[in-house]
J.: 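Starting off with a structure, shown below.
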Amino acid sequence: MGQAGMAEAAVRYLRSGKALAVEALPRPELRCVREDERAPVDPAEFRRVLGSFASGVTVVTAPGANSEGPAGFACQSFSSLSLDPPLVAFMVGRTSTTWPRIAQAGVFCVNVLSAGQGELCRGFAVRGADKFAGVTHDPAPVSGSPRLAGTLAWIDCTIHAVHTGGDHLIIVGRVDALGTGEGERPLLFHQGRFI
């Protein structure tokens, strides 16, 4: 049974009423991490070891708000989260200057980059530049967020929840529309470079 089949079976089981009820954990207190709570892991070593995990690469975009142009940033911390309801998640650094613009829009589109879009990704990874200059895109069908040309797939979302996660925020989006693009193979990032 494939992943989709297993997910559908799990949803049927949960809806059947046979599953045990699971109590939600209390919402964690929002606070800064104290010095005595920091793990004894060297940040450079942490980055080096976790760089062994190859990930796909996305660009998260949102329509402009308050007479500003559209917003977008390169993101490799994206994943599917739930089938029912359809949810996805991505993580963004708390110091991001793009995230507040996406939060203000309340919607976003995840553009899954295809092989050969490394330069496009680099363009969305810089601060302060006009990231959309020369980039072909059209509006996603529900949110109007930029849907980039040549991508492998796109996922059009409404912000569903925001959680804290250390020096990052965990953004959960409810999927409103999605589809595949023109790309054939994904752009992957491994040990600090595209593969």
Side-chain angles (χ1 to χ4, degrees), residues 43 46-47 50-65 68-82 86-133 135-140 142-181 183 185-195:
F46 182 84
R47 182 175 283 121
L50 272 82
S52 298
F53 178 70
S55 65
V57 185
T58 68
V59 170
V60 177
T61 60
E68 289 186 277
F73 73 98
C75 177
Q76 69 184 80
S77 58
F78 165 77
S79 78
S80 60
L81 178 62
S82 169
L87 301 174
V88 296
F90 69 88
M91 281 58 81
V92 62
R94 288 183 186 227
T95 60
S96 169
T97 56
T98 304
W99 162 245
R101 295 175 59 200
I102 295 172
Q104 186 174 21
V107 293
F108 61 90
C109 183
V110 177
N111 296 273
V112 180
L113 300 187
S114 56
Q117 290 188 305
E119 284 305 312
L120 177 69
C121 180
R122 285 185 187 90
F124 277 92
V126 298
R127 285 183 184 236
D130 179 0
K131 298 176 184 181
F132 290 89
V135 175
T136 304
H137 60 86
D138 66 349
V142 177
S143 72
S145 300
R147 186 171 56 175
L148 307 180
T151 60
L152 201 61
W154 56 272
I155 304 104
D156 197 12
C157 303
T158 301
I159 295 175
H160 180 75
V162 178
H163 304 283
T164 58
D167 60 3
H168 277 61
L169 297 172
I170 303 162
I171 315 306
V172 178
R174 184 170 186 126
V175 178
D176 298 315
L178 71 167
T180 55
R185 290 185 356 231
L187 179 65
L188 297 177
F189 193 73
H190 180 253
Q191 295 189 336
R193 60 186 177 85
F194 296 120
I195 56 171

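The chain is numbered in sequence order, starting from 1. Because only heavy atoms are used, hydrogens play no part in the values below, and waters and symmetry mates are left out as well, while side chains stay in.
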J.: Give a yes or no answer on whether the side chain of R185 reaches the backbone of G116 with a donor-acceptor pair at less than 3.5 Å.
T.: no

J.: Is the closest side-chain heavy-atom distance between C157 and V175 below 4.5 Å?
T.: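 A side-chain contact exists here, since the closest heavy-atom pair is under 4.5 Å.
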
J.: CG of L120 to OG1 of T136: how many Å apart, nearest 0.5 Å?
T.: 9.5 Å

J.: Report the residues that fulfil ring-ring contact (aromatic ring centres under 6.0 Å, His included) with F194, sequence neighbours left out, ordered by chain and then residue number.
T.: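 F194 satisfies ring-ring contact (aromatic ring centres under 6.0 Å, His included) with F189 once adjacent residues are dropped.
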
J.: Taking all heavy atoms of A71 and all of I102, pick out the closest pair and write down the distance.
T.: CB-CG1, 4.2 Å

J.: Tell me every residue that passes side-chain hydrogen bond (donor to acceptor under 3.5 Å, both in side chains) with R174, counting only those two or more places apart in sequence or in another chain.
T.: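 In terms of side-chain hydrogen bond (donor to acceptor under 3.5 Å, both in side chains), with neighbours along the sequence ignored, R174 is linked to no residue.
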
J.: State, with a plain yes or no, whether a side-chain heavy atom of V88 is found less than 4.5 Å away from one of L81.
T.: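 Sidechains of L81 and V88: no contact.
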
J.: Can you give the donor-acceptor pairs under 3.5 Å from side chains of residues 50-63 to other protein atoms, not counting sequence neighbours?
T.:
residue, atom, partner, partner atom, Å
S52, OG, V49, O, 3.1
S55, OG, Q76, NE2, 3.2
T58, OG1, C75, O, 2.7
T61, OG1, C109, O, 3.4
T61, OG1, N111, ND2, 3.4
T61, OG1, P146, O, 2.6

J.: As an exercise, state the distance from OG of S145 to CG of D176, rounded to the nearest 0.5 Å.
T.: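 With rounding to 0.5 Å, OG (S145) is 9.5 Å from CG (D176).
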
J.: Does this structure show an ion pair linking D138 with R147, if we count only N-O contacts that are shorter than 4.0 Å?
T.: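 Here D138 pairs with R147 in a salt bridge, since their nearest N and O are under 4.0 Å apart.
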
J.: Hey, are the side chains of V107 and D156 touching, using non-hydrogen atoms and a 4.5 Å cut-off?
T.: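 Answer no - side chains too far apart.
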
J.: Drop me the distance from I159's CD1 to S143's OG, to the nearest 0.5 angstrom.
T.: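 With rounding to 0.5 Å, CD1 (I159) is 10.5 Å from OG (S143).
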
J.: With a 4.5 Å limit on heavy-atom distance, are the side chains of F124 and L148 in contact?
T.: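 They are in contact (side-chain heavy atoms under 4.5 Å apart), so the answer is yes.
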
J.: To the nearest 0.5 Å, how far apart are CD1 in I155 and CZ in F90?
T.: 11.5 Å

J.: Would you find a donor on one side and an acceptor on the other, under 3.5 Å apart, between the side chain of T98 and the backbone of F73?
T.: no

J.: To the nearest 0.5 angstrom, please state how far the OG1 atom of T151 sits from the NE2 atom of H137.
T.: 12.5 Å

J.: Taking R101 for its side chain and G64 for its backbone only, find out whether a donor-acceptor pair lies under 3.5 Å.
T.: no

J.: Quick check for you: to the nearest 0.5 Å, what is the distance between T180 atom OG1 and W154 atom CH2?
T.: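 Reported value, rounded in 0.5 Å steps: 9.0 Å.
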
